[in-house]
Amino acid sequence: MTRSLPVWWRRRIPRYRLIGARCKECGKIHYPPRTSCPYCGSNSLEEVQLPRRGILESYSVIYSVPGDNRLNAPIIVGLVNINGVRIVAELTDVLPGELSTGLEVEAVVRKISETSDTGIITYGVKFRPVLGAGSGAGQDTGEA
Amino acid sequence: MNDSMVKVYITGTGAVKIARHYPLGVRDLAFQAGKQALAESGSDNVDFVIVASSLSYLQAPQLDLASYIASSLGLHGVRALSVEAGESSGLAALETAVSLIKSQEASRVLLIGVDKMTEHPSGPTYVMLQALYDTESDAYYNIGHAGIAALLMRLYMEKYEVDRLTLAYWPAMMHMHAKNNPHAMLPFAVAPEKVMTAMPIAEPITLLDAYPLGDGAAAIVLENGDELEGRPLAEIESVISATGMPSPALREDPLDLESLRTALGRLGGLEKIDVIELHDSFSIYGLLELETLGLAEKGESAKLVAEGYFSAEGEGPLVNPSGGLKARGHPIGATDVYKLVEVSRILAGTWQGVKRGDEETGMIVSINAAGSSSRIALLRKVKG
Amino acid sequence: MTQERPESRTGIHGWGAYVPRWRLPMEEIARVWGWPPHQYKGLNVKEKSVDSPDEDSTTMAIEAGYNALLRAKVDPSEIKAVFFGSESKPYAVKPSATIVAEALGITPVTMASDLEFACRAGSEGLRASIGLVSSGMMKYAMAIGSDTAQAEPGDVLEFTASSGAVAFIVGPREGAAAVFEATYTYVTDTPDFWRRALKPYPRHGEGFTGEPAYFHHIMSSVKNLLEETGYKPSDFKYAVFHQPNGKFPVRVGKRLGFTMEQIEPGLVTPFIGNTYNASALLGLARVLDRADPGDLILVAPFGSGAGSDTYILRVTEAVKEKQGLAPRFDDYLARRKTIDYALYTRYRKILTMLPRG
Ligand SMILES: [Zn+2]
């Protein structure tokens with residue numbers, strides 16, 4: 001199904017930047033931002049930048065691939081917990097055998113859909129296993 | 001709850017065998033089921049046609065569907081209404097019909113559930129099925145039809161330390177039951193070990209944990225008990241619903257089917273139920289429903305199923321004698337109406353499939369997606 | 001240097017590298033196309049980086065830009081220009097720069113554009129950023145080089161054309177990790193490598209890409225700037241040159257009088273192939289990852305068509321605290337996973353013959 005341009009466009013910024021919404025009434029945070037708080041119904045919400053790192057609570061390797069996504073098969077989706085805020089999102093840069101619950105993951109921006117070579121490309125947050133940051137220079141560049 | 005004293009009965013049932021009905025369109029299927037139900041009820045005279053359908057709006061778009069179906073049934077001038085609530089469309093239509101009858105806005109209603117899932121190949125169909133889930137959150141991604149259920153299944157397996165084989169007894173029981181269901185899509189037995197080793201569609205879900213893609217239509221005639229024209233098969237005691245979190249990610253415990261819990265609370269508790277038709281689009285949902293309804297402790301339902309507790313010979317209520325969504329089939333908007341047909345036939349003693357023979361009360365449960373909404377209908381045998 | 005050079009009012013506040021996860025070894029390409037080993041052994045490239053199917057030059061730029069922001073520690077809205085240099089834009093028409101700027105929180109009050117000059121567009125963006133900041137028009141500007149470089153299957157280019165991105169945040173000299181002491185650009189009309197409109201793969205002049213193009217432009221650019229500034233090769237701790245392969249940058253460096261010790265730390269192509277617009281600038285990022293205050297760095301990107309810039313940078317005290325604020329180039333190297341040619345054709349969408357951005 002072709003993605004609607006305005007439908008994707010109007011929500012692009014939280015999708016790019018992992019911006020959630022905090023309810024001013026009950027204080028709970030959710031992502032992506034909704035019209036009103038899913039917990040208490042208040043529509044008094046404020047934007048909040050979510051941390052980019054979370055824990056993988058569950059995952060699935062999807063072989064019954066929806067739409068024209070064969071090039072991305074299998075699609076891996078995860079349930080990511082960021083400080084108590086849960087997000088369902090695709091995982092990327094990871095092979096099925098490398099997955100396990102409890103894995104630390106981080107948000108990156110990737111293509112979400114590109115269903116034809118003439119249409120719009122939609123981008124948004126996906127999660128990947130965290131890089132081994134700060135490992136210093138000049139190591140492990142050899143053959144695996 | 002409607003406190004009207006009007007009683008609502010099912011007096012006619014019809015169901016088309018679920019299959020890949022390539023030669024038949026939505027109206028053809030609705031016609032067959034509708035005519036069967038009208039015939040059993042003894043009269044073509046209805047003042048309302050309510051049509052439950054969901055995926056057909058994406059598969060073969062036709063808006064104001066109920067009016068077109070009414071017309072194809074030859075019911076010119078009748079009042080008609082389309083109801084869409086995803087996988088729970090059938091019970092949503094029942095809620096509407098019961099309320100129309102109880103308020104005496106209608107006295108005879110033809111309720112048809114119809115859906116098509118094979119007008120397109122599976123790839124585009126999975127994209128359409130994604131729309132059952134929240135397209136502004138989870139279904140923004142390529143989760144397919146099974147992704148969310150798979151996330152919940154893994155959570156369940158890890159949280160309650162239930163192994164894959166134990167979970168495979170659900171589909172095995174469903175296939176066993178479907179063997180005797182005349183309108184089941186997959187009427188053959190499947191061993192639990194086969195479920196585990198079947199083609200993975202969304203790990204840990206295999207092909208045999210998931211509903212098949214099939215077309216179907218089922219219909220019932222509902223009547224005001226004070227003005228009965230046909231012979232009553234079952235009484236609709238109540239039908240109730242509740243909405244829930246748009247995504248399981250928003251629930252404190254993603255495995256908590258809170259919309260079903262809320263609906264159950266509205267019913268004000270359960271008396272003894274003899275036969276239950278649950279919503280097992282994926283095995284995990286069937287198991288979570290058993291636990292939400294209090295028929296099994298949390299984390300224990302799969303083991304009870306494996307032990308045969310919910311089978312015809314078991315001590316618990318008889319669960320999914322139809323074969324469930326898993327093996328009877330799950331033409332999305334039509335499914336609940338199949339359940340109504342099956343349970344009323346069991347209560348009326350006309351059911352050819354799995355039964356115990358002494359069923360007096362029946363329950364039908366449906367949820368959309370992972371519980372964006374849930375509905376429960378209670379049916380009672382008509383005495384004498 | 002008697003007269004103050006405008007660029008010396010500016011410096012690099014943040015730098016960020018990005019290299020995708022997958023690696024395709026040279027021998028695997030040779031196996032598929034029947035090349036003899038000497039065909040690739042001389043390139044001094046072990047393997048090349050390959051992007052995931054859900055990546056393109058825009059997503060890679062976003063991650064490099066994000067890393068640069070982490071190091072610069074500036075409010076994204078203070079960045080007033082985003083230059084996206086690439087020859088593998090996902091859209092022929094529609095700026096990637098706005099996507100990157102939006103994703104990074106830089107929009108809406110900013111300049112943003114995509115630049116094209118084969119492999120040197122990112123460097124042109126860097127010079128433009130220096131100009132905008134040194135003129136006082138803005139405090140910060142971001143320059144990005146990012147490519148998922150195309151090569152026709154079976155062409156020798158395929159050995160090296162790879163994927164990667166790099167981003168720099170240029171700002172005032174105060175607080176910068178490295179200050180631009182001098183910059184220089186040298187361009188001529190030399191058609192050594194090109195891709196015609198609507199064509200998926202570039203063409204090149206084979207040997208013609210060498211002497212009249214790569215060597216002439218880099219040598220001219222570097223020599224002229226050394227002459228202007230009075231520096232000699234031995235004054236530099238690091239020297240980084242455009243890296244179409246692992247051989248050319250060493251050769252051009254030696255001809256100019258630099259040593260392997262100066263060249264090697266900024267040599268990234270042997271591990272990841274030629275990332276086109278990111279090539280030499282990724283080398284600079286890797287050097288900044290390890291540089292010490294006071295180090296003098298020479299960087300000379302090159303782009304076909306043809307032109308070369310030379311930058312002379314002096315590292316400041318600020319470099320040390322910034323180095324650990326974001327993943328380093330070598331962190332991306334460390335997550336490497338090799339793939340075979342079959343998977344490469346799938347990831348690169350060669351298999352389906354879809355146009356590739
Ligand atoms: Zn709230």
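To find a chain, count down the sequence lines: A is the first, B the second, and so on, and within it residues start at 1.
Looking at B:Ile148, the atoms closer than 4.5 Å to chain A (heavy atoms on both sides) all sit in the side chain, from C-beta outward. Only the side chain of B:His145 comes within contact range of chain A, with heavy atoms under 4.5 Å apart. Only the backbone of A:Val65 comes within less than 4.5 Å of a heavy atom of chain B; no side-chain atom from C-beta onward does.
Salt-bridge check for B:Glu136 with A:Arg34: failed, with every basic side-chain N at 4.0 Å or more from each acidic carboxylate O.
Here the CG-OG distance, from A:Leu79 to B:Ser247, works out to 8.0 Å after rounding to the nearest 0.5 Å. Atom OH in B:Tyr140 sits 7.0 Å away from atom OG in A:Ser113 (nearest 0.5 Å). Once rounded to the nearest 0.5 Å, the distance linking CD1 of A:Ile75 with OH of B:Tyr126 reads 12.0 Å. The OG atom of A:Ser58 sits 12.5 Å away from the NZ atom of B:Lys159 when rounded to the nearest 0.5 Å. Expressed to the nearest 0.5 Å, how far OG of A:Ser60 lies from CE of B:Met153 amounts to 9.5 Å.
Put simply, of B:Gly144, B:Pro200, B:Pro121, B:Ala202, the one with the most heavy-atom pairs under 4.5 Å next to chain A is B:Ala202. Most heavy-atom pairs under 4.5 Å with chain B, from the set A:Lys28, A:Arg15, A:Lys126, A:Arg70: that is A:Arg15. Chain A forms the most heavy-atom pairs under 4.5 Å with one residue out of B:Ser122, B:Ala146, B:Gly147, and that residue is B:Gly147. Contact count against chain A (heavy-atom pairs under 4.5 Å) is highest for B:Asp138 among B:Leu207, B:Asp138, B:Ile205, B:Thr135. In terms of heavy-atom pairs under 4.5 angstrom with chain B, the leader among A:Val7, A:Val85, A:Val125 is A:Val125. The choice from B:Ala150, B:Pro254, B:Ala149 that makes the most heavy-atom pairs within less than 4.5 Å of chain A is B:Pro254.
Using modelled atom types, no side-chain atom of A:Arg86 and backbone atom of B:Pro248 make a donor-acceptor pair closer than 3.5 Å. For the pair A:Tyr39 (side chain) and B:Leu250 (backbone), a donor-acceptor distance under 3.5 Å is present. Looking only at distances, a side-chain donor or acceptor of B:Asn142 sits under 3.5 Å from a matching main-chain atom of A:Ile112.
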Task: Full working for side chain to side chain contact (heavy atoms under 4.5 Å, CB included) between A:Ile62 and B:Ile201 - done: CA-CA 6 Å; A:Ile62 298 179; B:Ile201 59 165; over 6 Å; no
Open item on the list: The test is side chain to side chain contact (heavy atoms under 4.5 Å, CB included); show your working for B:Arg154 and A:Tyr59 and say whether it passes.
Closed with: CA-CA 7 Å; B:Arg154 188 182 302 281; A:Tyr59 60 89; 3.2 Å; yes
Listing, residues 95-103 of chain A side-chain donor-acceptor contacts under 3.5 Å, not counting sequence neighbours, or none:
unit_1: A:Glu98; atom_1: OE1; unit_2: A:Leu95; atom_2: N; d: 2.9
unit_1: A:Glu98; atom_1: OE1; unit_2: C:Arg21; atom_2: NH1; d: 2.9
unit_1: A:Glu98; atom_1: OE2; unit_2: C:Arg21; atom_2: NH1; d: 3.4
unit_1: A:Glu98; atom_1: OE2; unit_2: C:Arg21; atom_2: NH2; d: 2.8
unit_1: A:Thr101; atom_1: OG1; unit_2: B:Glu158; atom_2: OE1; d: 2.7
unit_1: A:Thr101; atom_1: OG1; unit_2: B:Glu158; atom_2: OE2; d: 3.3

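Scanning both residues, B:Ala249 and A:Ile87, for their nearest heavy atoms gives CB-N, 4.4 Å.
Residue B:Glu297 qualifies as open at atom CD: its count of foreign heavy atoms under 6.0 Å is 12 or below.
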